[in-house]
Amino acid sequence: MPKFYLTTPIYYANSRPHVGSAYTTIVCDVIARYKRMCGYEVAYLTGTDEHGVNIERAAEKLGITPAELVDRNQQIFRDLWKLLGIQHTHFIRTTSAEHARAVQTLVRRTMARTPDAIYKARYEGRYCVHDNLYVSDSSEPANCPLCGRPAELISEENYFFRLSAYQGKLLALYRDHPEFVQPDFRMNEVRSFVEAGLKDVSISRRSIKWGIPWPDDPEHVFYVWYDALTSYLSGIGFGQGEGGEANPSFKKFWPANLHMIGKEIIRFHAVYWPAFLMAAELPLPEKIFAHGWLLFEQEKMSKSKGNVAYPEPIVKALDELTGAKVGNDALRYYLLRETVFGQDGNFSRDALLTRYNADLANGLGNLASRVLTMIENYCEGIIPDPGNATVPLRIHELASQPHRDAILSSYENFEFSDALTVTWAAVELVDKYLVEEKPWVLAQKTENRKQLEQVLYSAMESLRIVCALAHPVAPESTQRIWSQMGLQGALADVRINQLQWGDFKPGTRIGKPEAVFPRVDKKEAWERIEAMENEIRNPAGAAPKPAAEPAAGAKIAIEDFAKIELRVGVVKSAERIPGADKLLKLLVDIGEEVRQVLAGIALAYAPEELIGRKVVIVANLAPRKMRGLESNGMLLAASADADGKPVLCTFAEDIPAGSKVK
RNA sequence: GCCGGCGUAGCUCAGUGGCAGAGCGAGGGUCUCAUAAUCCCUAGGCCGUGGGUUCGAUUCCCCCCGCCGGCACCA
């Protein structure tokens, strides 16, 4: 039996999952179910990334230990996956003993096989706590390229991975396997990133405790990305025996056929990860697919905007309002149907409810209902024998092998929207067919019996095939229709690539027809979802959160603050810098001198409107060069979140330039 | 600034060198097996602007405008 091994990212367990994580996981589940129906033995790994400063700090805030925090959060992930019908076969926690062993085994193996791949050196630089990312930018101050938050300054002895040595090998990999990264435009982005040159990366930390200890050097703890990526190995059994490959499950499933990720973490998967594996002399995964983001009502979801959507309210609200278990399939269908996979997509409750009523309730659900009712009423609930009547041409087209194969090929290429569009075209066609043939009229006269039976058989057989083709996306409801049609066993066991017209056995006794997708009132559903979302955002009894998240982490002493010299400055001149989008060159009078300060505020402020304004300057910041120009100081500005435009600090009353701010 | 993509009916998007399409929404009609479901008809849209190639361009090329992504850069 051929194998297929796919993974979701190992989700960071510092908070609960939103629809974005659910999206990735659902997509993988659809692929996993599809592959199983094609006869593959599937290993499907997901899990939680439970180490790092962020977890430490989040736990500290709640007054619990990191272990307690991640225990709690990983359970929320598991519960959600259960609610969404996710059939993962493996779940890895990075705090588990077997994972720790795997990480240590991997690094030992690497040092044994490629002795110069890992070395110890002093790291002085910036680290983004939020994204667990070392910021390679050597300028000062540095900010995280992912989230834009200021990176924290750290200086410590670290183990480094010699990524710089892998530029040529990675480029060769991309050249020989252009399918390695998908979609293709991502491959191009990755390639140009690597062509621009690679720096070595730190893969250990000394300053934190909450991590996996470095073998024979327990002062060090593994860098979170090295730790987390290794989950793809440990999750299926790596880490046993000499070299780590003794486990039969690992032998069977590695290398992964697919790492499904969001586009924001492509660099780690398409650059770091293959380099880590090359150094360890392990086979590389076959494919990295980076999908787009799910925007919420056209905006990027972000906690600070308060527009994070969670999956649970949608699923539960639909289940409650319909009195049927439909929410999960509705969400899955919507996510895969509405967006072009790979691109950014929009998540809109209104569109979801529209899709539910139009495609699921009025479409598939109603078709099942009308066909089953007619079998019940006109054929005593027994599937009729069509004899050797030819299949009506148009129906036959949709049920034919080329058509089936077109849908399967869409699944194969992760073109879920296409697969569903074509599958649902079959639903429409059968509806049309019924209107044309009018079985309810045929049933009036006994001489039409043969034709009636042929029509109803064709409709049932089409419905059977549609259910099978839609099963990976809508597993629960298609199974329910399957059972109502009198078909035995699990639809999941059907070999989707061997579907044949005519396999529906005449004489089958159907089950009791029952609405699979009851219609919902959109307004009512919308309000119910909204209410449940608010419940999650602001749990009853919980104190409302302060609007601005306090700078994560430990308090500083007054002496620390005293090191910072803040002064009032007056902007004397301001001009754009050629070649820079965001940067302005300012001359600022701070009393005893006029300083040249560069500030990244060009998107928010026109140069001319700044002249004469009183601003706050960090006066004792070390000079730094940007775009070839020296900056002597830093302008203070506030921004709502990572994407927000900066707003300058200013004064309501008058105050002379040079005054100290404290 | 560099690289890439996009700009088509109210909305979401397909699409091809030669009569501009689908779904949703809206309007009208129809059937009655069905979940007030199905099915049929109806949108006269400068296919972003301006040039060019061509017998002919929405589809090929160039400029411009607007939007988006990656890199660089940045609070």
Side-chain angles (χ1 to χ4, degrees), chain A residues 137 139 141-145 148-150 183-196 263-264 266-267 290 292-293 295 298 322 324 337-340 343-346 348 350-351 354-355 357-378 417-418 421 424-425 427-443 452 455-456 459 513-520 577-584 598-605 618 626-627 631 634-649:
Chain A
D137 183 4
S139 55
N143 292 281
C144 174
R149 290 174 171 79
D184 53 359
F185 60 90
R186 296 284 170 214
M187 177 79 267
N188 295 336
E189 289 170 7
V190 167
R191 189 184 291 114
S192 53
F193 174 79
V194 173
E195 279 168 352
K263 65 181 182 183
E264 72 281 2
I266 191 164
R267 187 184 305 172
W293 283 337
L295 307 175
Q298 306 289 8
T322 58
R337 171 67 198 256
E338 190 78 3
T339 64
V340 177
Q343 312 287 118
D344 286 355
N346 195 228
S348 142
D350 188 65
T354 300
R355 282 279 176 207
N357 277 338
D359 295 3
L360 297 178
N362 298 351
L364 180 59
N366 183 243
L367 178 64
S369 174
R370 65 195 305 205
V371 175
L372 286 164
T373 303
M374 286 189 280
I375 294 282
E376 188 66 49
N377 293 345
Y378 307 144
S417 184
D418 289 349
T421 302
W424 253 256
V427 172
E428 281 177 37
L429 196 72
V430 178
D431 270 332
K432 273 193 197 31
Y433 174 66
L434 291 173
V435 168
E436 283 166 11
E437 298 296 330
K438 300 181 177 53
W440 49 92
V441 174
L442 296 175
L452 171 70
V455 169
L456 290 184
E514 226 172 317
V516 177
F517 298 111
R519 283 177 65 86
V520 294
I577 297 172
D581 288 347
K582 298 184 180 175
L583 219 49
L584 291 183
L598 306 187
I601 55 173
L603 294 179
Y605 292 93
V618 182
M626 293 182 274
R627 287 269 152 194
S631 181
M634 179 172 126
L635 205 59
L636 291 192
S639 48
D641 58 51
D643 310 321
K645 290 199 170 173
V647 174
L648 288 178
C649 294

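Just so it is clear, the structure is predicted and the values come from calculations on it, not from any experiment. Numbered from 1 within each chain, the chains take letters A, B, ... in sequence-line order.
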message = Less than 4.5 Å apart, side chain to side chain, heavy atoms only: is that true for Trp440(A) and Arg370(A)?
response = yes
Spacing of the C1' atoms in G44(B) and U8(B) (rounded, Å) = 15 Å
ask   = What does Val516(A) touch in the nucleic acid at a heavy-atom separation under 4.0 angstrom: a base, only the sugar-phosphate, or nothing?
value = base
request  = May I ask you to test the Leu360(A)-Trp424(A) pair for a side-chain heavy-atom distance under 4.5 Å?
outcome  = yes
ask   = Rounding to a whole Å, what distance do you find between Trp424(A):CH2 and U38(B):P?
value = 15 Å
message = Roughly how many Å apart are C11(B) and C65(B), using the C1' atom of each and rounding to a whole number?
response = 24 Å
message = When the C1' atoms of U38(B) and A34(B) are compared, how many Å lie between them, rounded to an integer?
response = 8 Å
ask   = Is Ser369(A) touching bases, backbone alone, or none of the nucleic acid, heavy atoms closer than 4.0 Å?
value = base
message = Distance check, C1' atoms only: C60(B) and C68(B), in whole angstrom units.
response = 24 Å
query = Where the side chain of Ser192(A) meets the backbone of Asn188(A), is there a donor-acceptor pair that is under 3.5 Å apart?
reply = yes
ask   = Across the strands shown, which category fits Ala361(A) at heavy-atom distances under 4.0 angstrom: base, sugar-phosphate, nothing?
value = base
request  = Take the protein atom CG of Leu364(A) and the nucleotide atom P of A34(B), then report the distance between them rounded to whole Å.
outcome  = 18 Å
Out of U35(B), G70(B), C33(B), whichever nucleotide has its closest atom nearest the side chain of Asn366(A) = U35(B)
C39(B) phosphate, OP1 or OP2, under 4.0 Å from Lys438(A) side-chain N/O = no
request  = Rounded to the nearest angstrom, tell me the gap between atom CG in Asp431(A) and atom C1' in C31(B).
outcome  = 12 Å
Pairing partner of C19(B) (Watson-Crick or G-U wobble, both distances under 3.5 Å) = none
query = So does Arg355(A) get a side-chain nitrogen or oxygen closer than 4.0 Å to the phosphate oxygens (OP1/OP2) of C24(B)?
reply = no
note = Which of C39(B), A34(B), A37(B) is nearest the side chain of Arg519(A)? It is A37(B)
message = If you define the side chain from C-beta out and look only at heavy atoms, does anything of Arg337(A) sit under 4.5 Å from Thr421(A)?
response = yes
inquiry  = Please pick, from G70(B), A34(B), C33(B), the nucleotide with the shortest atom-to-atom distance to any side-chain atom of Glu189(A).
reply    = G70(B)
inquiry  = Distance check, rounded to the nearest 0.5 Å: Asn362(A) atom CG versus Ser369(A) atom OG?
reply    = 11.5 Å
key: Base paired to A37(B) (Watson-Crick or G-U; both N/O distances under 3.5 angstrom)   = none
inquiry  = Taking only side-chain N and O atoms of Arg267(A), does any of them lie within less than 4.0 angstrom of OP1 or OP2 on C71(B)?
reply    = yes
inquiry  = Under 3.5 Å for both donor-acceptor distances, Watson-Crick or wobble: does G1(B) have a partner, and if so which one?
reply    = C71(B)
request  = Any strand is fair game: report the nucleotide pairing with A26(B) by Watson-Crick or G-U wobble, both distances under 3.5 Å, or none.
outcome  = U42(B)
query = Between Val435(A) and Phe185(A), who's closer to the 5' end of RNA chain B by nearest nucleotide?
reply = Phe185(A)
key: C1' gap between U42(B) and A22(B), integer Å   = 16 Å
task = Starting at atom CG of Asn362(A), determine the distance to atom P of C24(B), rounded to an integer number of angstrom.
result = 10 Å
task = Grab the CG-P distance between Leu434(A) and C39(B) for me, whole Å please.
result = 10 Å
query = What interatomic distance, in whole Å, is found between C1' of U58(B) and the corresponding atom of A9(B)?
reply = 14 Å
query = Can you tell me how far the CZ atom of Phe185(A) sits from the NZ atom of Lys263(A), to the nearest 0.5 Å?
reply = 8.0 Å
key: Rounded P spacing from G17(B) to G7(B) in Å   = 16 Å
side-chain contact (heavy atoms from CB on, under 4.5 Å) between Asp359(A) and Phe517(A), intermediate numbers included = CA-CA 10 Å; Asp359(A) 295 3; Phe517(A) 298 111; over 6 Å; no
query = How far does the P atom of G23(B) sit from the matching atom of C40(B), given to the nearest Å?
reply = 9 Å
message = Of the listed nucleotides (C31(B), C71(B), C39(B)), which one gets closest to any side-chain atom of Trp440(A)?
response = C31(B)
request  = Write down the distance between CD (Glu437(A)) and P (C39(B)), rounded to a whole number of angstrom.
outcome  = 15 Å
request  = With a 3.5 angstrom cut-off on both distances, give the Watson-Crick or G-U wobble partner of G7(B), or none if there isn't one.
outcome  = C65(B)
query = Leu429(A) has an atom CG; how far is it from atom C1' of A22(B), in whole Å?
reply = 16 Å
remark   = Glu338(A) atom CD is separated from G25(B) atom C1', nearest whole Å, by 13 Å
Val190(A) vs Leu367(A), nearer the 5' end of RNA chain B by closest nucleotide = Leu367(A)
query = Given C33(B), G70(B), C39(B), which nucleotide is nearest the side-chain atoms of Arg186(A)?
reply = G70(B)
task = Quick one: label Tyr378(A) by what it contacts on the DNA or RNA (base, sugar-phosphate, nothing), any heavy atom closer than 4.0 Å.
result = sugar-phosphate
task = Using Watson-Crick or G-U wobble geometry with both distances below 3.5 Å, tell me the partner of C47(B), or none.
result = none
query = Mind checking whether Leu434(A) and Met374(A) have side chains closer than 4.5 Å, heavy atoms only?
reply = yes
